[in-house]
Each structure stands twice: as structure tokens, then as C-alpha cells.
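Just so it is clear: chains get the letters A, B, ... in the order the sequence lines come, proteins before strands, and each one is counted from 1. What you see is a predicted model; the values in this text were computed from it and never measured.
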Number of protein chains: 2
Amino acid sequence: MTAQPFPVSEIVASRRPHRKDAARNYDALLAAAREAFAEHGSEASLEDVARRAGVGIGTLYRNFPTRRHLFESVYAGEVNDLCRFAEEVTGQEPWEALASWLRRFVDYTVTKRAIREALDGESEIFLACRESMYAAGAPLFERAQGAGQARRDIAFDDLLRMVAGITATNFLDDAQRDRVLSVALDGVRAAR
Amino acid sequence: MTAQPFPVSEIVASRRPHRKDAARNYDALLAAAREAFAEHGSEASLEDVARRAGVGIGTLYRNFPTRRHLFESVYAGEVNDLCRFAEEVTGQEPWEALASWLRRFVDYTVTKRAIREALDGESEIFLACRESMYAAGAPLFERAQGAGQARRDIAFDDLLRMVAGITATNFLDDAQRDRVLSVALDGVRAAR
DNA sequence: ATTGAAACGGAGGGTTGCCTCCGCCACAGT
DNA sequence: ACTGTGGCGGAGGCAACCCTCCGTTTCAAT
């Protein structure tokens, strides 16, 4: 077992089938599931997912034996992207890097809806996702703290849940969501 | 049409039946619905609500012809309490009054879960609730702004949604929720 | 081109929830 | 106490969804 920085992608990608038609269906299912979960939460209808993907219900169950498998696959994919994004912000100033990364949540519709449940999920994959997100984000937070730009009396977990809560909420438009996120992040900045 | 400060209670209370057994069932249904909605969101099973209330499904539908009627009744009740609470905090300092009122959200499990949907709902009752909440809360916010204790570059609606998002999120415990809420509210305080 | 292995789709049986309808029962007014 | 009006509960028809199973189709290796 080699130490992977973000082991999540390995777990998930290994299940992608080899045959051409099968791989196409697998991708279509993931895309359809992402859509459906974003719209209806993790309780979305699996038959609806299959319909959206233009695929028989049997095909869905062959690729993802349970709802949990499907959900975790979608979720893990987004978490993985998010983790990789952390590498792209290391060039920025400490506070800016942290803020950029946190704002990235907003782009992940499934994660938004799921994060509240997932932060408490106890399956192997959810735990791996959590670990990955911490591995990716906590250093950014600590760097900002070290630079005197983020307050020291809260934990990274507090911060993550705060942002998750805000991004999971409906706003009038994206501008409002952004405004509110900025306000909340101002509360995280070190008092001057 | 007399101008009511909080017209919501009128709309809802008027539907309570007069006969003793009927009134008891009505109350039991509301209590059971509050519980069920808090647990499973506004999609909770109505048959489950009837079961919890120890009442036949027919009785539920007689009192609340649609799921929406039931949900709105529960929601309106909590909003109404919240509005009345605003009167109790007027003795406090401007910022403290606002903060106390906002923290009151945390106690309303249904409101918490529903607020995201309800803030965009367009039924008569949802609109009335929104109006009531604004009538109750906005003065507290404006008073804090007037006293130089709250920043002026955000709207009351922004604030409400921010708090709603945070309180609707799962936290490890109440202490964490409170901590996070404090951080976010620090962002609302006027910069010194 | 052939062919066997693998993937495909959807029929179908079971479950759960929605809502209506109606025979029975309890309350409140006399 | 009597009575009839209104409330009561839940059976039952309908729809959506879950998941399994299997006859048919498609792929890709030879």
C-alpha cells in the first residue's frame, strides 16, 4: 500500500470498465448522477438517473451495486478535483490562497448538497474523502494563520463546515452568495 | 383589512377545529409534523406523520388537504414565535439584540431545514412569513447599523440567509455550531 | 468472419407512499 | 338520555421506486 496524497481517485477510477460501450455508459451514468444528486440530493431516484443517462436500470446496478456506491463515486470525483485545485493556489498570498480554495466549493453542486451528510459519513470512502480534503485544505489554513491573516481560535473543521453551510444555501443569485461568503470569511480573518 | 404586525398567526390559527377531539388531533398532528419535517425535511412521509400523531391518515388529510398546507402551518407557527421573540430583545444593546435574535434560529429545527426553500417560496403564507420575519428582524439590524455596530454594505436578507445556512448545517456538537456562528457574525460587525 | 464472453435493457415482484372514500363512532346541543 | 352532525380510521386503488433476473445484443480477440 503506497501512500497516496489523495487516495480517493484510485479507489473510484479502478472500477471503470474496459469495454468501449461499457465505459461510455459508466461515464454517462456518473454525469447523470451528478446532475440528479445536485437537483434532488442524495435521495434522487436511481431510475431517473438511468433515464437521464439513456441507459437501462440494469446497467446502472451492474456498475454501482448500491445507491451508496453511485453517490460515493460522484462525491469522490468532486472531492478529488477540489484537492488537486489546492496545488494550483500555492503561488498566491496565504489568505488569498485559502479564500480561493474555499470559494471552489461553490462550483461543486453535488458536494454542496452532500457535504453536510458526508462530513458525518462513516464509510471507507467518506473517511478517505475527508482525509483528502483536510490534507489539501488544512495546510492553506495553517499557512494563513502563520502569516497572521487568519484567527487562531478556530479549527479547520469549523471553517469547512461554515463554508459548506453557506454554499449549500439558496441565494437570490451568485452575487449574493459571494457577498455572504465574503462577510463570513471576514469573520475568519485575524482581528487587526 | 387591518394592518397586523405579524398576520401569519391569524391565517393559521383560524383553521383549528372547535370540537374537543378534533382540536386534540389537530395539535398532535402539528407536533408530529414538526418532528418529522425536522428529521426528514419537507419531503417527510405524511403517513409517518399520522402514525406519530396516533391518528388515522384520513384525519391528517381532513385537517391539511395537501402537504403544503401542513408544512406551511408548522412553518408559520415557528416564524410567528420567532417574530414575537424580537420584542423581547429590544431592551438589549443594539448588537446584542440582533445577535440574540439571530441565535434564536438555532432552536427552530423545522425553520432551519425549511428556510432555504421557504425563502424562495411564493405561496401566500410563505410571503407573509417572509414579510413578518423582515418586519421583526430588520429593525434590529438597522438599529445595530445606526449604532455603528454592524457593517452597512450588506442587506438584511444577506444576513438572514447566512445564518440560515449555518444553522441548517450539521455540526459535531452545539458548541461547534455556536462557535461558527460567532465567527460569521464577527464578519458582520462593523470593521473597527 | 466467427464466436464466446461480457454488457445491455427492461419486465416484473415487492415495497412504500399518496390520497379518496365510506361505514362507524363520539361529541355537543337539546 | 337522545340524536344527528361532524369527526374518525383505515382499506384500497394508484403511482413511483427499488432491485433482480434473464433473454438478447455488442464487442473484440482470434
If every non-hydrogen atom of [X] is compared with every non-hydrogen atom of [Y], which pair is closest and at what distance?
X      : Y      : result
B/M133 : B/W101 : O-CH2, 3.9 Å
B/I166 : B/R177 : O-NE, 4.3 Å
B/L60  : B/A50  : CD1-N, 4.0 Å
B/Q145 : B/R151 : NE2-O, 3.0 Å
B/A44  : B/A36  : CB-O, 3.7 Å

(request) Please state whether the phosphate of D/dC18, meaning OP1 or OP2, lies under 4.0 angstrom from any side-chain nitrogen or oxygen of A/S45. (result)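 Yes, A/S45 has a side-chain N/O under 4.0 Å of OP1/OP2 on D/dC18.
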(message) With a 4.0 Å limit, can you tell me whether A/T59 has a side-chain N or O closer than that to the phosphate oxygens OP1/OP2 of C/dG9?
(response)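 Result: yes.
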Does [X] pair with [Y] as a salt bridge, N-O distance under 4.0 Å?
X      : Y      : answer
B/E88  : B/R104 : no
A/R189 : B/D186 : no
B/D21  : B/R24  : no

Whole-Å gap separating [atom2] ([N]) and [atom1] ([X]):
X     : N      : atom1 : atom2 : answer
B/R68 : C/dC18 : CZ    : C1'   : 17 Å
B/F64 : D/dC8  : CZ    : P     : 11 Å
A/R15 : C/dA7  : CZ    : C1'   : 18 Å
A/I57 : D/dC18 : CD1   : C1'   : 8 Å
A/Y61 : C/dA11 : OH    : P     : 16 Å
A/N25 : D/dT26 : CG    : P     : 12 Å
B/E43 : D/dC17 : CD    : C1'   : 15 Å
B/L60 : C/dC18 : CG    : P     : 9 Å

(request) List for me each residue that meets side chain to side chain contact (heavy atoms under 4.5 Å, CB included) alongside B/R51, sequence neighbours excluded, and say none if there are none. (result)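 B/R51: side chain to side chain contact (heavy atoms under 4.5 Å, CB included) contacts with B/E47, B/D48.
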(request) List for me each residue that meets side chain to side chain contact (heavy atoms under 4.5 Å, CB included) alongside A/R67, sequence neighbours excluded, and say none if there are none. (result)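 So A/R67 forms a side chain to side chain contact (heavy atoms under 4.5 Å, CB included) with A/L46.
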(request) Evaluate the ring planes of A/F141 and A/F156, with Trp represented by its six-membered ring, and classify them as parallel (under 30°), tilted (30 to 60°) or perpendicular (over 60°). (result)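 Ring orientation of A/F141 relative to A/F156: tilted.
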(message) Quick one, B/L98 and B/P94 - any side-chain contact, counting heavy atoms below 4.5 Å?
(response)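 No, their side chains stay 4.5 Å or more apart.
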(request) Would you check if A/D178 and A/R103 make a side-chain contact, meaning some heavy-atom pair closer than 4.5 Å? (result)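 When only atoms from C-beta onward are counted, A/R103 and A/D178 do touch, with a gap below 4.5 Å.
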Could you write out each protein N or O paired with an N or O of nucleotides 22-24 of chain D at a distance under 3.5 Å?
none

(message) Set out, in order, the CA-CA distance, both residues' side-chain angles and the distance that settles ring pair (Phe, Tyr, Trp, His ring centres under 6.0 Å) for A/Y75 and A/F126, then state yes or no.
(response) CA-CA 9 Å; A/Y75 179 65; A/F126 278 146; 5.3 Å; yes
(message) Generate the contact string for nucleotides 24-30 of chain C. Rules: B means base contact, S means sugar-phosphate contact only, - means no protein heavy atom under 4.0 Å.
(response) --BSS--
(message) I want to confirm an ordering. Mapping A/N63 and B/P65 to their closest nucleotides on DNA chain C, which one lands closer to the 5' end?
(response)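 The residue mapped nearer the 5' terminus is A/N63.
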(request) Under 4.0 Å from any atom of DNA chain C, heavy atoms only: list the residues of residues 46-53 of chain B that qualify, in numerical order. (result)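 DNA chain C contact set from residues 46-53 of chain B: B/L46, B/E47.
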(request) Measure the angle between the two terminal helix axes of the helix from C/dA1-D/dT30 to C/dT30-D/dA1, five base pairs each, and quote it to 10°. (result)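 Nearest ten degrees gives 20° for this helix.
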